[in-house]
S.K.: 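Sending over a structure as structure tokens; questions will come in a sec.
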Amino acid sequence: MAKRPVLARNDHAATWLQAWEDLGRAPRTLDAYARGPAEYLALREREAVDPLSAGRPHVRVFVRELTSRPHRRGVNVVSIESGVGLANATI
């Protein structure tokens, strides 16, 4: 969790991730599991919204952000897609 301090600041997220670590998941698997919740919690912190009281409108904002952010590989991506946002399967 040192890599994603936002998870350590949320007791529920920290407990959830610790459970997966206790089950012996590989470090890269834990990183993959932690990425989404960390991004969501960071957004909730920026908007000063308690994640436990967040509702559908808050989740929609997060999904909208995921579908509109620039591709991490930049404009050099050669694909049919626009190079923007995450794939629906990833979301």
Side-chain angles (χ1 to χ4, degrees):
M1 274 187 291
K3 196 173 174 184
R4 302 185 194 287
V6 70
L7 294 176
R9 291 192 297 270
N10 183 289
D11 291 339
H12 294 286
T15 300
W16 174 80
L17 193 59
Q18 185 63 52
W20 286 111
E21 188 173 344
D22 292 346
L23 290 171
R25 296 299 188 261
R28 287 185 186 211
T29 300
L30 291 171
D31 184 56
Y33 286 178
R35 194 175 307 122
E39 289 183 22
Y40 178 75
L41 291 171
L43 177 64
R44 297 283 58 90
E45 282 185 1
R46 286 193 306 272
E47 294 183 349
V49 174
D50 176 12
L52 295 179
S53 65
R56 289 181 182 189
H58 301 103
V59 173
R60 282 194 300 266
V61 167
F62 181 59
V63 171
R64 188 176 324 118
E65 181 181 299
L66 293 175
T67 60
S68 63
R69 67 172 54 159
H71 196 284
R72 66 182 174 87
R73 293 187 184 141
V75 295
N76 295 327
V77 175
V78 178
S79 71
I80 296 173
E81 303 294 326
S82 68
V84 175
L86 296 174
N88 284 338
T90 302
I91 293 170

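On a predicted model such as this, the values are computed, not experimentally measured, just so you know.
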S.K.: Do Val63 and Leu43 sit in the same hydrophobic cluster, where Ile, Leu, Val, Met, Phe, Trp and Tyr count as joined when their side-chain heavy atoms come under 4.5 Å apart?
M.R.: yes
S.K.: With a 4.5 Å cut-off on side-chain heavy-atom distances among I, L, V, M, F, W and Y, is there a chain of contacts connecting Tyr33 to Leu7?
M.R.: yes
S.K.: Starting at CG of Asn10, measure out to CZ of Arg4 and round the result to the nearest 0.5 Å.
M.R.: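 Going from CG on Asn10 over to CZ on Arg4, the span is 14.5 Å.
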S.K.: Within this structure, what is the CZ-CZ distance for the pair Phe62 and Arg44, rounded to the nearest 0.5 Å?
M.R.: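 Going from CZ on Phe62 over to CZ on Arg44, the span is 8.5 Å.
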S.K.: For a quick test of reading the model, state the closest non-hydrogen atom pair linking Ala42 to Val6 and the distance between them.
M.R.: N-CG2, 3.8 Å
S.K.: Looking at OG1 of Thr29 and CG of Leu23, how far apart are the two atoms once the value is rounded to the nearest 0.5 Å?
M.R.: 12.0 Å
S.K.: Please find the pair of heavy atoms, one from Leu30 and one from Glu21, that lie closest to each other, and give the distance.
M.R.: CD2-N, 3.6 Å
S.K.: Do you know the tightest heavy-atom contact between Ala14 and Ala8?
M.R.: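 Closest heavy-atom pair between Ala14 and Ala8: CB-CA, 4.4 Å.
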S.K.: Please report the shortest heavy-atom distance between Trp16 and Pro37, naming the atom on each side.
M.R.: CZ3-CG, 4.0 Å
S.K.: CG of Leu17 to CG of Asp22: how many Å apart, nearest 0.5 Å?
M.R.: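 Reported to 0.5 Å precision, the distance equals 9.5 Å.
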S.K.: For the CZ atom of Arg25 and the CG atom of Asp31, what is their distance to the nearest 0.5 Å?
M.R.: 15.0 Å
S.K.: Within a 6.0 Å radius of atom CZ on Arg46, are there more than 12 heavy atoms belonging to other residues, nucleotides or ligands?
M.R.: yes
S.K.: Could you measure the distance from the CD atom of Glu39 to the CZ atom of Arg35? Nearest 0.5 Å is fine.
M.R.: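 So the CD of Glu39 and the CZ of Arg35 are separated by 7.5 Å.
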S.K.: Between Leu66 and Val61, is there shared hydrophobic-cluster membership here, with clusters defined by ILVMFWY side-chain heavy atoms closer than 4.5 Å?
M.R.: yes
S.K.: Spell out, as yes or no, whether a donor-acceptor pair under 3.5 Å connects the side chain of Arg9 to the backbone of Leu41.
M.R.: no
